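Each chain gets a letter, A, B and so on, in the order the sequences are listed, and its residues count up from 1. Here the structure is a predicted model, which means the values were calculated and not measured.
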2 protein chains.
Amino acid sequence: MRVSIKDIARTAGVSHSTVSRALNDSSLISDATKDRIKCLADEMGYSPNTLARSLVTRYTNTVGVVVTTITDPFMSEVVQGIQTTADEYDYTVILCSSEETPEREMAAVEMLRSKRVDGVICIASRIGAVYLEHQERIDAPVVIINNHNERMGRYPHTISVDNHHGGYLAARHLVQQGDRRIAYVSGPVAVNHSSSRDRLGGYRQALMEAGIEPEPALVVEGNGCPDGGERAFRHLAALDELPTAVFCYNDMTAMGLMHAAGRTGLSVPEDLAVVGYDDIPLASYLSPPLTTVSQPKAEMGQEAMRMTLSLMSEEGVSEEMSGTSEALVQCRLVTRASTVGRQDKSPRAVGG
Amino acid sequence: MRVSIKDIARTAGVSHSTVSRALNDSSLISDATKDRIKCLADEMGYSPNTLARSLVTRYTNTVGVVVTTITDPFMSEVVQGIQTTADEYDYTVILCSSEETPEREMAAVEMLRSKRVDGVICIASRIGAVYLEHQERIDAPVVIINNHNERMGRYPHTISVDNHHGGYLAARHLVQQGDRRIAYVSGPVAVNHSSSRDRLGGYRQALMEAGIEPEPALVVEGNGCPDGGERAFRHLAALDELPTAVFCYNDMTAMGLMHAAGRTGLSVPEDLAVVGYDDIPLASYLSPPLTTVSQPKAEMGQEAMRMTLSLMSEEGVSEEMSGTSEALVQCRLVTRASTVGRQDKSPRAVGG
DNA sequence: CTGTTAGCGCATTCAG
DNA sequence: CTGAATGCGCTAACAG
């Protein structure tokens, strides 16, 4: 146990650098001794100490991933994608949860810096500015997935979906189904949260194109979670005239909204069509199955990891000369039962 | 950038060991110079190199967590729990996905060993034996959450739920609702998967206590995923007489089953009562909301981390003299609409 | 091809 | 209280 190259050097009767060379498949060594040392190594149960190695090579083959909560289905799918290509390239993932608090997010970055990660990926950062501040300190590239911060202009390395287009797709679909009173339930409206606003923009555009004047009263606030969807439904139900369709910031919101709708006796989609966003794995198992705008979550993770990898290799040579690398991925509409197969799309009052 | 204690020692006009002492709040240093050095340190943007530190202290403040997929809601909740107490104690989590394959699981463990993690937590290992083999090699404690391996007897450090009792609770609840034809949809029946069998055992006991003879035909195979639930439903639907209730291995299975049931025109719970297991966050938002056996997922994660911490500190002194430390946590039944409020519990044929 | 020598950045003796 | 010296395990010149 705890055998080092020095130990195996001793029992092999060679110098420790020879062992190092053997283990690293150096060209400066004879096949004979290389083989001999290699099998001696695993006879002795040798495990290379990556700490020591990293200390000298100055890279750790490690990336830090910062999420708000791993519990969010969207997050975990993205992380999954990151993982996949990470260990394809022999990289290790250190996971941090910020719980949405800036302090914890900062602490996480600081800790990743201390661990000398080669790169950082952070998902849906609400406070991307923090990263900018730290980016000069942490001399590793940081790429942001679904940057929610708009204040600072565009962050150099991001991968994001076209939220405007996604919102457009959702609303246009409803319009095509014959809906004209279409509501939008937003995501978190906290500072620096552009994704919801972008989706709203696409929604508005689709309505306008169809000659429908967007009605401010039909835009209500959610929080990206089921309970927000429930509350939003109550707001809508309090209106004189209920919308015939609702576009929700995300699937979780849609779930909450459908749940609330069901309790008041409305049925989806007959009384109310619902479309979500994300296409979480469970979306197709809801009843009714949820029409939603699908984000390529795993692909986004993979792309982010790939971008990180390439930034890391650049960093070695061109010293931060890499310009901005933005990837914009496309989302697509997945049509399910929550919006189709209706007869009557005329507005109706609650319980009417 | 990339400033070391040596750098700050130079500009402070002291030796690097003095700096080290100051930064570590050693008692062997005057408050004056300590303060001076400390603020100089962060003026210079110093970040301690944990690699170097770990190399000498021989611990990394890092634990490895091995999951099958982070995508599984159960897993992510547990990981969340681990994270919580991990960074409460200033520990860092390295996440690995085994994708259920033994090779990747072994690779993960080997890699964690190389990174010199202080401990390993693995969730729902199907191949715990692998760990046993490696446990002597990886000189860090490994604790297993929901060990699925039974072949090797009881693993020294585990935290698990009382699956038998959970199954009992579920089935007894149905019996109390008046059901007498109660099916069970199992989890993965692959090698070394005891949790499903234990739940089945509890289910059987509940039936027997109620004077119901368990019917083998009512026990069908699932896989822990929605599609398995769908297939299971089809098997049940092919029976002469449909059960009036189904207990599913987990919530995902239940979702699939309810989905399939809905498509054939059956309604839950009127035609078929359904109970799941896990109480994933979305369970209460299904329609109908799912009755389920709740596992304290976050608590299990926290407990696992706590156990790991204590094992790690023991290891320093008593050298693996720590006996077995098993924690058995309790689950509880959460009653929702998928099992209650029915009138007629007599058996009926499909479409009848 | 192989051995010797130097550090990587830090904690930790041991002298002062 | 502080400085000088040593080594954690490893890679990377530099000589042979």
*Looking only at side-chain atoms of K6(B), point me to the closest of dC10(C), dC10(D), dC8(C).*
dC8(C)
*Phosphate contact (dT11(D) OP1 or OP2) by N24(A) side-chain N/O below 4.0 Å*: yes
*Under 4.0 Å between a side-chain N or O of S15(B) and OP1 or OP2 of dA4(D)?*
no
*Which whole-number value in Å describes the distance from D7(A) CG to dC10(D) P?*
9 Å
*May I ask you to verify if any side-chain N or O of Y59(B) is less than 4.0 angstrom from the OP1 or OP2 atom of dC8(D)?*
no
*So, does S54(A) use its side chain to make a donor-acceptor pair with the main chain of T50(A) at under 3.5 Å?*
yes
*Do S17(A) and dT4(C) have a side chain to base donor-acceptor pair shorter than 3.5 Å?*
yes
*Does a side-chain heavy-atom distance below 4.5 Å link R306(B) with E303(B)?*
yes
*Begin from the C-alpha positions of D87(B) and R104(A) and carry the test side chain to side chain contact (heavy atoms under 4.5 Å, CB included) through to its verdict.*
CA-CA 10 Å; D87(B) 45 45; R104(A) 310 222 345 72; 3.3 Å; yes
_Atom-pair distance (CD1 on I37(B); P on dA11(C)), nearest Å_ = 13 Å
*Pairwise 5' ranking along DNA chain D for S30(B) and L51(A), keeping only the more 5' one*: S30(B)
*Could you check how far NZ of K115(A) sits from C1' of dC10(C), rounded to whole Å?*
14 Å
*K34(B) NZ to dC1(D) P: how many Å, rounded?*
10 Å
_Donor-acceptor contact present, side-chain D118(A) to main-chain N61(A), <3.5 Å_ = yes
*asked:* In whole Å, I'd like the distance from the CZ atom of R36(B) to the C1' atom of dC1(D).
replied: 14 Å
*For L23(B) and dA11(C), what is the distance between atoms CG and C1' respectively, to the nearest whole Å?*
12 Å
*Could you please name the option among dA11(C), dC8(C), dG3(D) that lies closest to any side-chain atom of V56(A)?*
dC8(C)
*Looking across every strand, which nucleic acid part, if any, lies under 4.0 Å from S20(A) by heavy atom: base, sugar-phosphate, or nothing?*
base
*Of the candidate nucleotides dC10(C), dG9(C), dC8(C), which contains the atom at the shortest distance from the side chain of R53(B)?*
dC10(C)
*Tell whether H16(B) reaches the base of dA4(D) with its side chain through a donor-acceptor pair below 3.5 angstrom.*
no
*Out of dG9(D), dT2(C), dG9(C), which nucleotide sits closest to the side chain of A52(B)?*
dG9(C)
*Do T68(B) side-chain atoms and E99(B) backbone N/O form a donor-acceptor pair below 3.5 Å?*
no
_Contact check, side chains of T158(B) and V143(B), non-hydrogen atoms, under 4.5 Å_ = no
*Look at all strands and tell whether T33(B) reaches a base, only sugar-phosphate, or nothing, counting heavy atoms closer than 4.0 Å.*
sugar-phosphate
*Closest nucleotide among dG3(D), dT2(D), dT11(D) to the I5(A) side chain*: dT11(D)
*asked:* What is the separation between atom OH on Y46(B) and atom P on dG9(C), rounded to the nearest whole Å?
replied: 10 Å
*Would you say S4(A) reaches dG9(D)'s phosphate, i.e. side-chain N/O to OP1/OP2 under 4.0 Å?*
no
*Answer yes or no: does a side-chain N or O of R58(B) lie under 4.0 Å from OP1 or OP2 of dA11(C)?*
no
*For D31(B) and dC1(D), give me the distance from atom CG to atom C1', rounded to whole Å.*
11 Å
*When all nucleic acid strands are considered with a 4.0 Å heavy-atom cut-off, which category describes I29(B): base, sugar-phosphate, or nothing?*
sugar-phosphate
_I'd like to know if R21(B) reaches the base of dG3(D) with its side chain such that a donor and an acceptor end up less than 3.5 angstrom apart._
yes
